[in-house]
Protein chains: 2
Amino acid sequence: MKQKITIKTIAKELGVSTSTVSKALKDSHEISKETKERIQAYADYYNYKPNSLALQLRNQKTKVIGVILPKIVHHFFSTVIMGVEEGANEKGYHIMVCFSNESYKKEVETLKVLSNGSVDGLIVSIASGTLENKDFKHFGDLVAEEIPLVLIDRVVDEILCDKVVVDDVGAGYKATKHLLENGRKKIALLTTPKHVNVGALRRQGYEKALIEAYIKTDPNLIAEIDEEANISDQIEKVFEQDIDAVFAVNEIYAAKAMRAAKQKGHKIPEDFSIIGFTDGLISRYSSPSITTIAQHGFVMGKQAVELLIERIEKESEIYKPKKIVISSDLKLRESTKPSS
Amino acid sequence: MKQKITIKTIAKELGVSTSTVSKALKDSHEISKETKERIQAYADYYNYKPNSLALQLRNQKTKVIGVILPKIVHHFFSTVIMGVEEGANEKGYHIMVCFSNESYKKEVETLKVLSNGSVDGLIVSIASGTLENKDFKHFGDLVAEEIPLVLIDRVVDEILCDKVVVDDVGAGYKATKHLLENGRKKIALLTTPKHVNVGALRRQGYEKALIEAYIKTDPNLIAEIDEEANISDQIEKVFEQDIDAVFAVNEIYAAKAMRAAKQKGHKIPEDFSIIGFTDGLISRYSSPSITTIAQHGFVMGKQAVELLIERIEKESEIYKPKKIVISSDLKLRESTKPSS
DNA sequence: CTGTTAGCGCGTTCAC
DNA sequence: GTGAACGCGCTAACAG
């Protein structure tokens, strides 16, 4: 890279001291109008930009927020990133994005690297690998170092920090209730393995709605999809049961369920209903389009980053972890009948 | 944030000099085994991490790559980010992600901020706003400052730097040819306004294939979709013409076209064919699933970052801009008939 | 083997 | 009104 122009070079070139330059560039009243103009003109001409690294080192803050997500090719997380980025920008921050790829190991490494001073704070959604082995020590270390941290969506209580989550139980409840209102009785649930707690919470909502309708939950209708194995096969297996509706905890499962339902000859939504999760492109553009729970990833991202920046900038205050719950909406589309 | 432990504190605590600590931590042979152990033990115990900011300032490199994309809630760009991130990680780099939101103004600002020393190089896909007003001065400045830059997907020749693109002309050609082989004669093209050059290139391929088949291109069958207006309306308008196939330059247009085609009562793929662009979730999960051009965003991202890092690390060499063309594949699905 | 010095680029304090 | 000195955290060159 080309030699960058610094305060020092300007000072030498103009025969003044570096501090004079520094002050002049900040339009300080300590400097005579004359020299200020000279210096500013020179800086302008040579396109001087203060070196942010030096500033960061001096100020002990980077104005950068680290973001660690399990994956990105996923509508929900994409929108979260958008929200975080927008919120960060508004406050003069930038974001550094990393992915754990659902791996515990990579999450630990990334967390370690980012906490070496390159970011002022972190926003993390926990990898499923970590949720599975339940080892949260790396987060504990972070908290001990008092590095501001906000957990989003996939959170665990053990970690003492701010959190932003969707109302997963409520969402599961709303979705299931809507299916019941469609007159469905045999509602299959396509969910994640238990350790992914959002799946577990949505399931709670599902069960709650069934109980209220005096329907016994049938374990055979609940499939905990193992993403390591063939997903379609697992879903098709569910369709071997006698079912009249599906509630899927993400949009891919919902889309696959729709395919399976069509193949079985079910008419949607006349005699079969489907609800998904994540208001992404698939739900919107499949046909019939899929009724879904909108998670509002953008809002979550934005709230998370606002919370984080507040924490960063008001470090004096006593630390009382906050938890923000974003309520989710049912977005009615063609895969279910309108509620009466 | 809690007071961080530094080399200095260790030095003071252990009654040695900072340079001794520095060397000891690097396991230098200059230091006696005894002191090394003492120091390392202490550092370990207090979980010492070298401050990356200081290192960056000293080494004049950040090991960070800036990435500026027009948007993210888009399968192609998501996969690009994945590729960039993975490639960067492999070489010990991190990525700082920003979005121009297709806006010229934001692109200029972001470019300026990131080029103040916070990144070692940049990967950019140009905002459509910039392509429209054709003002590339901000990129010129970057090149003049000799900040390594790689342009991907949306590139322009005026900017002298490395580039990674897909073979858009070839892709348009392949897609159109496949439709012709399906026996289609009246192929509509749903593309972007002309200033988005990838759209223009794909159109060239489309026209080339038609010419080879001795079919005159009919301007009425070509719709340059204006994203500011209602997209569906514009697409439905195309269907007022007598057409038997659609080639769409992205998957959203393809999905919308599919809806419109179904409404018109066309049977897909028996008497109507559709091809999209971007092998994303919509194409995969809609029904019928959509034959599409796979752009290989992951590969592009990875190639781009490898090119960039090479440029960063071998700055001595003479600068000869490279252009890598990634060939695209036609991914056959249900919305077209198999080629005979 | 260990310590001193200097410098990365900047801003601030305190003399002059 | 201007400049010298210092420090942010670290390391390389040089001294001892």
Side-chain angles (χ1 to χ4, degrees), chain A residues 1-40 42-43 46-64 113 115-120 145 147, chain B residues 1-40 42-43 46-64 113 115-120 145 147:
Chain A
M1 213 178 316
K2 203 160 137 190
Q3 187 53 36
K4 282 247 176 174
I5 180 163
T6 74
I7 264 191
K8 204 167 154 187
T9 59
I10 301 186
K12 203 182 296 173
E13 214 61 34
L14 263 49
V16 294
S17 84
T18 58
S19 63
T20 307
V21 176
S22 170
K23 286 172 191 163
L25 292 175
K26 305 187 75 192
D27 216 5
S28 159
H29 38 266
E30 289 182 42
I31 307 294
S32 73
K33 200 179 155 200
E34 200 183 347
T35 35
K36 268 203 285 199
E37 281 172 358
R38 236 170 27 113
I39 291 173
Q40 286 170 357
Y42 188 96
Y46 287 102
N47 192 21
Y48 166 78
K49 281 180 261 173
N51 180 310
S52 77
L53 251 39
L55 285 177
Q56 290 174 24
L57 181 58
R58 183 166 217 296
N59 302 330
Q60 299 288 43
K61 57 181 63 164
T62 63
K63 290 281 195 173
V64 173
V113 178
S115 65
N116 67 358
S118 28
V119 301
D120 290 346
E145 288 185 62
I147 295 177
Chain B
M1 211 179 317
K2 203 161 138 189
Q3 186 55 34
K4 282 247 177 174
I5 179 163
T6 74
I7 263 189
K8 204 165 153 189
T9 59
I10 302 185
K12 202 182 297 173
E13 215 60 35
L14 263 48
V16 293
S17 84
T18 57
S19 64
T20 305
V21 176
S22 171
K23 287 172 190 162
L25 291 175
K26 305 185 75 190
D27 216 6
S28 159
H29 40 266
E30 291 182 39
I31 308 294
S32 75
K33 200 179 155 200
E34 200 183 347
T35 37
K36 269 203 286 198
E37 281 171 359
R38 237 173 23 116
I39 292 173
Q40 286 170 357
Y42 188 97
Y46 287 102
N47 192 22
Y48 166 78
K49 281 181 261 172
N51 181 310
S52 77
L53 251 38
L55 285 177
Q56 289 174 26
L57 180 59
R58 179 153 225 300
N59 302 330
Q60 300 287 45
K61 56 181 65 165
T62 63
K63 289 281 192 173
V64 173
V113 178
S115 65
N116 67 359
S118 29
V119 301
D120 290 346
E145 288 184 62
I147 295 177

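So you know, we letter chains A, B, ... as the sequences are listed, proteins then strands, and number each from 1. Atom set for the values below is all heavy atoms of this structure, side chains included, hydrogens, waters and symmetry mates excluded.
If you measure from atom NZ of B/K8 to atom C1' of D/dC10, you get 11 Å, rounded to the nearest angstrom. Atom NZ of A/K12 is separated from atom C1' of D/dG3 by 16 Å (rounded to the nearest Å). Atom NZ of B/K49 and atom C1' of D/dC10 are 17 Å apart (whole Å). Across the protein-nucleic acid pair, B/L55 atom CG and D/dC8 atom P stand 16 Å apart, rounded to whole Å. As rounded to whole Å, 11 Å separates atom C1' of C/dT12 from atom CG of A/N59. If you take CD1 of B/I39 and C1' of C/dC1, they are 12 Å apart, rounded to a whole angstrom. To the nearest angstrom, C1' of C/dC10 lies 9 Å from CG of B/L57. Following rounding to the nearest Å, A/I10 (CD1) and C/dC10 (C1') show an atom-to-atom distance of 12 Å.
Within the 4.0 Å cut-off from OP1 or OP2 of C/dC1, not a single side-chain nitrogen or oxygen of B/K36 is found. In terms of phosphate contacts, A/S22 brings a side-chain nitrogen or oxygen within less than 4.0 Å of OP1 or OP2 of C/dG11. Distances shorter than 4.0 Å separate none of the side-chain N or O atoms of B/Y48 from OP1 or OP2 on D/dG9.
Among the heavy atoms of the strands lying under 4.0 Å from A/K23 is at least one base atom, whether or not backbone atoms are also near. Within 4.0 Å of B/T6, counting heavy atoms only, lie sugar-phosphate atoms of the nucleic acid but no base atom.
Between B/T62 and A/L53 there is a side-chain heavy-atom pair separated by less than 4.5 Å. By the 4.5 Å heavy-atom criterion applied to side chains, B/E34 and B/R38 are not counted as neighbours. Side-chain contact between B/T9 and B/K12 is absent, with no heavy atoms from C-beta onward closer than 4.5 Å. At a threshold of 4.5 Å between non-hydrogen side-chain atoms, the residues A/I5 and A/N47 do not count as touching.
Taking all atoms of both residues into account, the shortest heavy-atom contact from B/P50 to B/L55 is CB-CD1, 4.2 Å. Nearest heavy-atom pair across A/S17 and A/A11 is C-CB, 3.7 Å. For A/D120 against A/K63, the heavy-atom pair with the smallest separation is OD2-N, 2.8 Å.
Listed by residue number, B/E30, B/I31, B/S32, B/T35 are the residues of residues 27-35 of chain B with a heavy-atom contact under 4.0 Å to DNA chain C.
Sequence order on DNA chain C of the closest nucleotides to B/S19 and B/Q60 puts B/S19 first from the 5' end.
Side-chain proximity of A/K26 to the nucleotides D/dC10, C/dG11, D/dG3 is greatest for C/dG11. Listed candidates were D/dC10, C/dG11, D/dA4. Nearest to the side chain of A/S17 is D/dA4.
On a pure distance criterion of 3.5 Å, a polar donor-acceptor pair joins the side chain of A/R58 and the base of C/dC10.
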